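Read the structure below first, then the notes.
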Amino acid sequence: MTTTEPIELRAMKIVQLLEDTYPESRSTLIASNPFELLIATILSAQSTDAQVNKVTAYLFQKYRTVESFATVAIRQLESDIFTVGYYRQKARYIQKTCQMLIHNFSGKVPRTMKELLSLHGVGRKTANIVLTRAFGAVEGIAVDTHVFRICRRLELSLGQTPDKVEQDLMKILPQENWGIVNRLFITFGRNICKARNPSCDICPILSLCPFEKLDT
DNA sequence: AACTCGGGGCA
DNA sequence: TGCCCAGAGTT
């Protein structure tokens, strides 16, 4: 790699190459149903897509309104989502959030970071995903373990905390790219730039990466 | 800052 | 088997 190249230019090339590698990342950026996306995202913490998809398919067939989630017996909701991790907390999060949607937001998913964060069980990452994918209104970049690790390896940010890494990324990348960076990096992080034994031999951005396959 | 919830993936 | 994971609330 060339070390004199401005970091903004290298970051732009990285995003471009990852978009080429994962073309589906663009087409599915905007979700059709904000409420279902919100529930699916709450369910997705520490769980696989397969687990979440199975549960949501059943859930949205059984419960068709925000009110039905808000009023069902909590034990029933727990058993309906039994196959995902943290199912007891998530059942409470979902019910409380739906009650708050009805009480505070006329039954609609709010469109600002502040309002989303006021929902019980909705934190910064969930709010970011909903803002990005449901409304295309990005207010930041959710830095999870994948984004954090990849940013260090690519030397896009050597920040010690997720907040610091997010600040660096927001300076480096144009705002129009913020929404897609998460999905690109996470897909890339799961498939290639893994925490251990990264597949550098098949990496599409190897030429832009200073990482020497050391274990950090 | 550390702890807790929890089933599934992976070595 | 043991370790880790697209997280958030509580203490």
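First the proteins, then the strands, lettered A, B, ... as listed; each starts at 1. Values in this document were obtained by computation on a predicted structure and should not be read as measured data. Just the heavy atoms: all of them, side chains too, but no hydrogens, waters or symmetry mates, feed the values below.
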Rounding to the closest angstrom, what is the interatomic distance between [N] and [M] at atom [atom1]?
{"N": "C/dC3", "M": "B/dC3", "atom1": "P", "result": "16 Å"}
{"N": "C/dA8", "M": "B/dG9", "atom1": "P", "result": "22 Å"}
{"N": "C/dA6", "M": "B/dA2", "atom1": "C1'", "result": "22 Å"}

Quickly work out the [X] [atom1] to [N] [atom2] distance and round it to whole Å.
{"X": "A/Leu38", "N": "C/dA6", "atom1": "CG", "atom2": "C1'", "value": "15 Å"}
{"X": "A/Arg149", "N": "C/dC5", "atom1": "CZ", "atom2": "C1'", "value": "11 Å"}
{"X": "A/Asp144", "N": "C/dC4", "atom1": "CG", "atom2": "P", "value": "17 Å"}
{"X": "A/Asp49", "N": "C/dA6", "atom1": "CG", "atom2": "P", "value": "10 Å"}
{"X": "A/Leu37", "N": "C/dA6", "atom1": "CG", "atom2": "C1'", "value": "12 Å"}

Inset, instruction - Check every strand shown and say whether A/Ile129 touches a base, only sugar-phosphate, or nothing at a heavy-atom separation below 4.0 Å. - result: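 Result for A/Ile129 = base.
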Inset, instruction - Determine the contact category for A/Thr145: base if any of its heavy atoms lies under 4.0 Å from a base atom, sugar-phosphate if only primed atoms, P, OP1 or OP2 are that close, otherwise nothing. - result: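 Sugar-phosphate: the residue A/Thr145, judged by heavy atoms under 4.0 Å, touches backbone atoms but no base.
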Inset, instruction - Output the residues of residues 166-175 of chain A in contact with DNA chain B, where contact means a heavy atom of the residue under 4.0 Å from an atom of the strand; sort by number or write none. - result: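 The stretch gives none, as no residue of it lies under 4.0 Å from the strand.
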Polar atom pairs between nucleotides 8-10 of chain C and protein, under 3.5 Å, N or O only, would you list them?
unit_1	atom_1	unit_2	atom_2	d
C/dA8	OP1	A/Gly123	N	3.0
C/dA8	OP1	A/Thr126	N	2.9
C/dA8	OP1	A/Thr126	OG1	2.3
C/dA8	OP2	A/Lys125	N	3.3
C/dA8	O5'	A/Gly123	N	3.4
C/dG9	OP1	A/Gly121	N	2.9
C/dG9	O4'	A/Tyr93	OH	3.4

Working to the nearest 0.5 Å, report the span between [atom1] of [X] and [atom2] of [Y].
{"X": "A/Lys54", "Y": "A/Ser47", "atom1": "NZ", "atom2": "OG", "result": "12.5 Å"}
{"X": "A/Ile94", "Y": "A/Leu101", "atom1": "CD1", "atom2": "CG", "result": "11.5 Å"}
{"X": "A/Asp20", "Y": "A/Ile205", "atom1": "CG", "atom2": "CD1", "result": "12.0 Å"}
{"X": "A/Phe188", "Y": "A/Leu17", "atom1": "CZ", "atom2": "CG", "result": "10.0 Å"}

Inset, instruction - Please list, chain by chain and in numerical order, all residues satisfying side chain to side chain donor-acceptor pair (under 3.5 Å) with A/Gln160, sequence neighbours excluded. - result: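 Side chain to side chain donor-acceptor pair (under 3.5 Å) check on A/Gln160 returns nothing, list empty.
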Legend entry - Contacts of A/Thr112 that satisfy side chain to side chain donor-acceptor pair (under 3.5 Å) - sequence neighbours left out: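 Counting only residues at least two positions away or on another chain, A/Thr112 forms a side chain to side chain donor-acceptor pair (under 3.5 Å) with A/Glu115.
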Legend entry - Cationic N near anionic O, under 4.0 Å, A/Glu139 to A/Arg124: no
Legend entry - Pair A/Lys90 + A/Glu78, salt bridge at N-O below 4.0 Å: no
Inset, instruction - Going 5' to 3' through nucleotides 3-11 of chain B, assign each nucleotide B (protein heavy atom under 4.0 Å from a base atom), S (under 4.0 Å only from sugar-phosphate atoms) or - (no protein heavy atom that close). - result: --BBBSS--
Inset, instruction - Count the heavy atoms belonging to other residues, nucleotides or ligands that lie under 6.0 Å from NZ of A/Lys194, then report whether that count exceeds 12. - result: yes
Legend entry - Whether over 12 other heavy atoms sit under 6.0 Å from A/Gln76 CD: yes
Inset, instruction - May I ask you to evaluate whether A/Arg190 reaches the phosphate of C/dA6, defined as a side-chain N or O under 4.0 Å from OP1 or OP2? - result: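 So the side chain of A/Arg190 is within the cut-off, an N or O lying under 4.0 Å from OP1 or OP2 of C/dA6.
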Inset, instruction - Taking ring-ring contact (aromatic ring centres under 6.0 Å, His included) as the test, write out the residues that go with A/Tyr63, two or more places apart. - result: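 So A/Tyr63 forms a ring-ring contact (aromatic ring centres under 6.0 Å, His included) with A/Phe69.
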